[in-house]
Student: 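I have a structure I would like to understand better, so I am pasting it below and will then ask my questions one at a time.
So that the names make sense, note that chain A is the first sequence line, chain B the second, and so on, each numbered from 1. Quantities reported herein were computed from a predicted structural model and do not represent experimental measurements.
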Amino acid sequence: MIWIRDLINEMIPFFSKAMNFLGVEDSNWIPLIGRATVEDHGDVALPCHSLARIFRKPPQEIAEQICALVEADLDSIATVSSISGFVNVSAKPEWLSKCLSKLLSDPRLGIGVEKPLTFAVDYSAPNVAKEMHVGHLRSTVIGDSIVRMLEFKGHQAIRENHVGDWGTPFGMLIEHLLDLGEDQAANELGVGDLDSFYKQARAKFVSNDAFANRSRSRVVLLQGGDSETLRLWRVLVDESMRYFNEVYSMLGVLLTDQDIRGESSYQDLLPEVVDRLMREGILETSEGADVVFPGGWVNRDGAPLPMIIRKADGGYNYSTSDLACIIDRVERLGCDGFLYVVGTPQKQHFEMVFQVAEQAGFMSPSHQAIHVNFGSVLDIDGKVLKSREGEVIKLHDLLDEAIRRAESAINEKNPELVDDERDDIARTVGIGAVKYADLSTERTKDYVFDWERMLSFDGNTAPYLQYAYARICSIFRKWEGARDSLTSAELILTHPEELVLSRRLADFPSALDESISTFSPHKLCTHLHSIASSFASFYENCNVLKGESEEVIRSRLAMCDLTARELKLGLGLMGIGVPERM
RNA sequence: GGGCGUGUAGCAUAGCCUGGAUAAUGCACCGGCCUCCUAAGCCGGGGACCGCGGGUUCGAAUCCUGCCGCGCCCGCCA
């Protein structure tokens, strides 16, 4: 239910009549009609500057003339005016009120369902025995939000957590596990001391030749399917997953053990990838390795850039496993699209993988393979946060800190909240703040990790939106009536603040569509903030419970109800909760 | 060297795909507002040659092009 489109549809016949009268072809003016870019001027605008050539008259005069011709016909739906060569059309409050009534009585708030497609959404992807850091936060939070939005639009979203659970480092990790003793190692991993575990293993690998040799032999055993080695490997994976699940639970994301699709699970498919590429005749041998040349790429020396499928030592590569994934998603899962919520640095990698997958016929052009890329996480000095050296900010600690800060803010602002309720709110607000900070900026840009900003309760932040929601709940606690009855309330829109808010509320469905069709949660954030902000103005200027009449009170309560429902749904689609009080 | 991305008030961002009017929002700054539904708020104000130069167009932050700054990628790692 896109109200601007409805408005345009309703006004077009009258404009058509006027333009016919003036002798202008449809193709000369219909494409010009669009949303007014300056909100104060109207909802829909027709710029007349390009018509000046046809009429040989200044745009201002043309606009005035059109305006005069349509004014009477549009009387029941909109007011028309002309300014500096634009015809501006503003929906009348009564018309707007009808639109909002439709949203109000609709449990889906006017959001349509699309033709259902199946998407595999690849996100989060932590590495076994390695700490989760802010980069994983981005992937996890963005991916989760996209899954929620897709599902709400009627699609099937298959969550795939492509956990890094395979490869050469596992030799040294398993040997380190044995050195420590299984119990102690499991404990260390389970409580989330992943970083030191990995670093210790790494340090020994570099400094101790005997250990390094044991590690290499262990890799061979692992790849050979040795059962004791696999058992030890399982311990590493399970203990890490226990810890990851704890972080997921704190974050409140949808990922569960059912969504784990570790790299190890594609091992059986890898020889199949090689066979198929060979059958297609695109596999070549280069320096002992099996490679594909996707074409169009060159390396530093200007030579064609290969994608390595099987290394000279017989081992497989990341690209191979990504190709296997595509086969799996097309043939087993029947996906129409695959989304990879992975950082921008891997852009070229994915372009090459998609190119090869199409060349080899693993997928067809009808499949949407999309790298939902995101920028790097920078520290406060604008440098990329690196995990290899220096202290990483553990995701777990970060979330604890967010909750702690939210709690101390609640203690200060609203000391009446105590015990479990305060703890719940602190969690909702703290975690919400972190997630929102990440989701609210355009995902392809680099993201500055800043405690102060992300936990600040001012501006375009989750707490600001949550506060608007809590204020509405507070109004309903004071009101005696039945909230359900408001879905049929008549909306009386007279004050400027009511009109601004109602337009923002009516824009919600198109904002969500725009957000999901570009896989850009920040567009929804921007819109939710504009709703919350116009609600705050409305709240200050139009007293709800002390409205001029019973009808006005009901109308304003209905506005509150719709605002609350949109905020709750919108934040919910980003995996952010709303507190009844704060 | 080749490729990709990015540059918008002191700071942080939106707008760029799909060109339109006085470039929007938040923080910070200045000035107002709580006997009144939560002041985590509201109202008002100052602050931007939209990196620089060309081009296309009636019209460019937006499209094309050339520079400059910054970042990333170009590994038999993932």
Student: List the atom pairs, donor and acceptor, that lie under 3.5 Å between side-chain atoms in residues 303-314 of chain A and the rest of the protein, sequence neighbours left out.
Tutor:
residue, atom, partner, partner atom, Å
Arg310(A), NE, Asp290(A), OD2, 3.0
Arg310(A), NH2, Asp290(A), OD2, 3.0
Asp313(A), OD1, Gly315(A), N, 2.8

Student: The side chain of Asn127(A) lies closest to which of these nucleotides: A12(B), A21(B), A78(B)?
Tutor: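 Side chain of Asn127(A) sits closest to A78(B).
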Student: Would you say Asn460(A) reaches A14(B)'s phosphate, i.e. side-chain N/O to OP1/OP2 under 4.0 Å?
Tutor: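 So the side-chain polar atoms of Asn460(A) never come under 4.0 Å of the phosphate oxygens OP1 or OP2 of A14(B).
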Student: Say you pick atom C1' in C52(B) and the same atom in G69(B); how far apart are they, in whole Å?
Tutor: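 Those two atoms are separated by 11 Å.
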Student: For A21(B) and C64(B), measure between their C1' atoms and round to the nearest Å.
Tutor: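 One C1' to the other, the span is 24 Å.
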Student: Which is true for Asp301(A) with a 4.0 Å heavy-atom rule: it touches a base, it touches only sugar-phosphate, or it touches nothing?
Tutor: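 No contact.
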Student: Other residues, nucleotides and ligands only: do more than 12 of their heavy atoms fall within 6.0 Å of CZ on Arg53(A)?
Tutor: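 Atom CZ in Arg53(A) is not packed in, count stays at 12 or less.
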Student: Can you identify which nucleotide, out of G2(B), U13(B), A14(B), has its nearest atom closest to the Val298(A) side chain?
Tutor: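 Among the listed nucleotides, the one closest to the side chain of Val298(A) is G2(B).
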Student: Let me confirm one number: the CG-CH2 distance from Leu486(A) to Trp479(A), rounded to the nearest 0.5 Å.
Tutor: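 If we round to the nearest 0.5 Å, Leu486(A):CG and Trp479(A):CH2 are 4.0 Å apart.
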Student: If the C1' atom of C58(B) is compared with that of C42(B), how far apart are they to the nearest Å?
Tutor: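 These two C1' atoms come out 42 Å apart once rounded.
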Student: Can you tell me, in whole Å, how much space there is between the C1' of C4(B) and that of G47(B)?
Tutor: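 It works out to 35 Å between them.
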Student: Reading RNA chain B 5' to 3', how would its secondary structure be written in dot-bracket notation, given Watson-Crick and G-U pairs with both distances under 3.5 Å, brackets [ ] for crossing pairs and | for partners on other strands?
Tutor: (((((((..((((......[...)))).(((((.......))))).....(((((..]....))))))))))))....
Student: OP1 or OP2 of A21(B) less than 4.0 angstrom from a side-chain nitrogen or oxygen of Thr37(A), does that happen here?
Tutor: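 It does, given that an N or O in the side chain of Thr37(A) lies less than 4.0 Å from OP1 or OP2 of A21(B).
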Student: Dump the pairs, protein N or O against N or O of nucleotides 7-10 of chain B, anything under 3.5 Å, distances to one decimal.
Tutor:
residue, atom, partner, partner atom, Å
G7(B), OP1, Lys445(A), NZ, 3.0

Student: Going through the distances and angles, do Phe538(A) and Val500(A) end up as a side chain to side chain contact (heavy atoms under 4.5 Å, CB included)?
Tutor: CA-CA 9 Å; Phe538(A) 162 82; Val500(A) 172; over 6 Å; no
Student: Answer whether the closest heavy-atom distance between the side chains of Cys325(A) and Tyr266(A) falls below 4.5 Å.
Tutor: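 Side chain of Cys325(A) against side chain of Tyr266(A), heavy atoms only: contact under 4.5 Å found.
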Student: Check Ala45(A) against Asn88(A) and note the closest heavy-atom contact, atom names and distance.
Tutor: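 For Ala45(A) and Asn88(A), the tightest heavy-atom pair comes out as CB-OD1, 3.5 Å.
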Student: Quick check on contacts: within residues 345-355 of chain A, what sits under 4.0 Å from RNA chain B by heavy-atom distance?
Tutor: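 Result for residues 345-355 of chain A: Pro345(A), Gln346(A), Lys347(A), Gln348(A), sorted by number.
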Student: Arg300(A) side chain: which of G1(B), G2(B), A78(B) is closest?
Tutor: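 Closest nucleotide among those given: G1(B).
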Student: Would you call Glu550(A)-Arg554(A) a salt bridge at under 4.0 Å N-O?
Tutor: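 No.
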Student: Which part of the nucleic acid, if any, lies within reach of Glu416(A) when heavy atoms closer than 4.0 Å are counted: base, sugar-phosphate only, or nothing?
Tutor: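 Nothing: the residue Glu416(A), judged by heavy atoms under 4.0 Å, touches no strand.
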Student: For the residue pair Arg443(A) and Phe374(A), would you count it as a cation-pi contact if the rule is NZ or CZ under 6.0 angstrom from the ring centre and within 45 degrees of the ring axis?
Tutor: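 That pair does not qualify as a cation-pi contact.
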Student: Tell me whether Arg35(A) is salt-bridged to Asp507(A), with the criterion being a basic N under 4.0 Å from an acidic carboxylate O.
Tutor: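 Looking at Arg35(A) and Asp507(A), the cut-off is met.
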Student: Roughly how far apart, to the nearest Å, are C36(B) and G45(B) at atom P?
Tutor: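 One P to the other, the span is 28 Å.
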Student: Please state the C1' separation for the pair C76(B) and C68(B) - nearest whole angstrom.
Tutor: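 Taking atom C1' in both C76(B) and C68(B), they lie 38 Å apart.
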Student: Roughly how many Å apart are A9(B) and A14(B), using the P atom of each and rounding to a whole number?
Tutor: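 The same atom, P, in both gives a distance of 13 Å.
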Student: Can Phe86(A) be said to stack with the base of A21(B), given centres closer than 5.5 angstrom and planes under 30 degrees apart?
Tutor: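 Yes, the aromatic ring of Phe86(A) stacks with the base.
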Student: Establish whether the base of A78(B) is bridged to the side chain of Asn317(A) by a donor-acceptor pair shorter than 3.5 Å.
Tutor: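 A donor-acceptor contact between them is absent.
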Student: Quick check on C77(B): is either OP1 or OP2 less than 4.0 Å from any side-chain nitrogen or oxygen of Lys311(A)?
Tutor: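 Looking at the OP1 and OP2 atoms of C77(B), one of them is under 4.0 Å from a side-chain N or O of Lys311(A).
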Student: By nearest atom, which of the nucleotides A21(B), C76(B), C74(B) is closest to the Ile83(A) side chain?
Tutor: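 Closest nucleotide to the Ile83(A) side chain: A21(B).
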Student: Do the rings of Tyr318(A) and His349(A) sit parallel, tilted or perpendicular, given the 30° and 60° boundaries?
Tutor: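 Ring orientation of Tyr318(A) relative to His349(A): parallel.
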Student: With heavy atoms under 4.0 Å as the rule, sort Ala36(A) into base, sugar-phosphate or nothing.
Tutor: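 Base: the residue Ala36(A), judged by heavy atoms under 4.0 Å, touches a nucleobase.
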Student: Separation of Arg261(A) atom CZ from A78(B) atom C1', in whole Å?
Tutor: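 After rounding, the reported distance stands at 19 Å.
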Student: Can you tell me whether the base of C52(B) sits syn or anti, using the 90° cut around 0 to define syn?
Tutor: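 C52(B): anti glycosidic orientation.
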Student: Using a cut-off of 4.0 Å on non-hydrogen atoms, how would the nucleic acid contact of Glu442(A) be classed: base, sugar-phosphate, or nothing?
Tutor: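 Glu442(A): backbone/sugar contact only, no base atoms under 4.0 Å.
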Student: Out of U25(B), U13(B), C74(B), which has the shortest distance to the side chain of His529(A)?
Tutor: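 When the side chain of His529(A) is considered, U25(B) is the closest of U25(B), U13(B), C74(B).
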Student: Mind checking Ser319(A) for me? I need base, sugar-phosphate or nothing, with any heavy atom below 4.0 Å counting as a touch.
Tutor: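 Nothing, no heavy atom under 4.0 Å.
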Student: What integer number of Å spans the P atoms of U65(B) and A28(B)?
Tutor: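 The same atom, P, in both gives a distance of 41 Å.
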Student: I'd like a list of close polar pairs between nucleotides 56-60 of chain B and the protein, N/O only, cut-off under 3.5 Å.
Tutor:
residue, atom, partner, partner atom, Å
C58(B), OP1, Arg53(A), NH1, 3.1
C58(B), OP1, Arg53(A), NH2, 3.2

Student: Classify every nucleotide of nucleotides 28-44 of chain B by which part a protein heavy atom approaches to under 4.0 Å, writing B for the base, S for the sugar-phosphate alone and - for neither, in 5'-to-3' order.
Tutor: --------SBBSBBSS-
